[in-house]
Protein chains: 2
Amino acid sequence: MLNQSESLDLVFQALADPTRRVMVERLTRGPASVSELAQPLDMSLPAVVQHLQVLETSGLVRTAKVGRVRTCTIDPKTLSLAEKWISERRALWERRLDRLGDLLAEEDD
Amino acid sequence: MLNQSESLDLVFQALADPTRRVMVERLTRGPASVSELAQPLDMSLPAVVQHLQVLETSGLVRTAKVGRVRTCTIDPKTLSLAEKWISERRALWERRLDRLGDLLAEEDD
DNA sequence: AGATTGGTTAAGCATATACTTAAGTATTGC
DNA sequence: GCAATACTTAAGTATATGCTTAACCAATCT
């Protein structure tokens, strides 16, 4: 099992590549096979599969092979993990700015 | 000027490192100098500065030097950029699941 | 059965990342 | 002025990342 920080490492690392984000975008429109994912991408199939593995070990994507075709889907829980980390920091920062505003207002009294 | 995709590359890449996330967390509690940022971190000062540079070129952090001390603050706009990308994908995926649910419900008629 | 499709494995390579130590440069305090 | 503080610069290194090509395997189609 991975701890929270290691998971975030993997998710943000996975999202840091434009090819992988294109793959994620494609998958938000529904499941796809490996070759469907590869079709718009300008690189070899093994390269696509390597990106797919990064997405899979990050937890962002789940895959299952039926016959000879591997079907890929998004796992939105992992996407939320990253979203939550960011929104919490932003909230903290904004609360701080509010407190700062209050302090300045008090000083005007 | 950077395009949207390149910005996202840099932001997610910046957030993919636990040391840098700790630095961001520290900065959400208010501005800090380089040595204050370095203090809880178990690495050399140049290493911290290198991380700081990654955060700065990603746009997540802004710094300004006054006298001999460099003060660092968060730029929440960049944090929102990443948050927005994720939430949009998640929304898209959830809408898709809803439509799928509707379709299945119709089939029951 | 033989060819095609869809994906996998392995090996190699160029560049990027995450550090390190050593030495240097401006402020600032005494 | 001299020392301490707060970085800064440079150079080196080990590991990771993002590809490539070549060869392989296992379902499916004809």
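Lettering of chains follows the sequences in order, A, B, ..., and the numbering in each one begins at 1.
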**Prompt:** Does some side-chain heavy atom of A:L60 sit less than 4.5 Å from a side-chain heavy atom of A:R20?
**Reply:** no
**Prompt:** How many Å lie between NZ on B:K65 and P on C:dT27, as a whole number?
**Reply:** 8 Å
**Item:** Euclidean distance, atom CD of residue B:Q39 to atom C1' of D:dT5 [Å, nearest integer]
**Value:** 16 Å
**Asked** Shortest non-hydrogen contact from A:D17 to A:T19?
**Response** OD1-N, 2.9 Å
**Message:** With clusters defined by side-chain heavy atoms of hydrophobic residues (ILVMFWY) lying less than 4.5 Å apart, directly or transitively, does A:L79 cluster with B:L97?
**Reply:** yes
**Request:** Specify the residues of residues 21-37 of chain B, ordered by number, for which at least one heavy atom lies under 4.0 angstrom from an atom of DNA chain C.
**Result:** none
**Student check: side-chain heavy atoms of B:L92 and B:R95 closer than 4.5 Å** = yes
**Item:** Min side-chain heavy-atom separation B:R89-A:L27 under 4.5 Å
**Value:** no
**Complete:** Residues pairing under salt bridge (Lys or Arg N to Asp or Glu O under 4.0 Å) where one sits in residues 50-67 of chain B, two or more places apart or in two chains, turn out to be B:R62-B:D75
Solution key, residues 7-15 of chain A side-chain donor-acceptor pairs under 3.5 Å, sequence neighbours excluded:
unit_1: A:S7; atom_1: OG; unit_2: A:N3; atom_2: O; d: 3.2
unit_1: A:D9; atom_1: OD1; unit_2: B:R21; atom_2: NH1; d: 2.9
unit_1: A:D9; atom_1: OD1; unit_2: B:R21; atom_2: NH2; d: 2.8

**Message:** Generate the contact string for nucleotides 12-23 of chain C. Rules: B means base contact, S means sugar-phosphate contact only, - means no protein heavy atom under 4.0 Å.
**Reply:** ------SBBBB-
So which protein nitrogen or oxygen atoms get under 3.5 Å of nucleotides 27-30 of chain D's nitrogens or oxygens?
unit_1: D:dA27; atom_1: N3; unit_2: A:R68; atom_2: NH1; d: 3.0

**Request:** Would you indicate whether the side-chain heavy atoms of B:V66 and B:T71 approach each other to under 4.5 Å?
**Result:** no
**Message:** Would A:R90 and A:W93 count as a cation-pi pair here, with the cationic atom under 6.0 angstrom from the ring centre and within 45° of the axis?
**Reply:** no
**Prompt:** Separation of A:L52 atom CG from C:dG6 atom P, in whole Å?
**Reply:** 16 Å
Show the atom names and distances, to 0.1 Å, of all donor-acceptor pairs under 3.5 Å that link a side chain in residues 28-45 of chain B to residues at least two apart or in another chain.
unit_1: B:T28; atom_1: OG1; unit_2: B:E25; atom_2: O; d: 2.5
unit_1: B:S33; atom_1: OG; unit_2: B:E36; atom_2: N; d: 3.2
unit_1: B:E36; atom_1: OE1; unit_2: B:S33; atom_2: N; d: 2.9
unit_1: B:S44; atom_1: OG; unit_2: B:A47; atom_2: N; d: 3.4

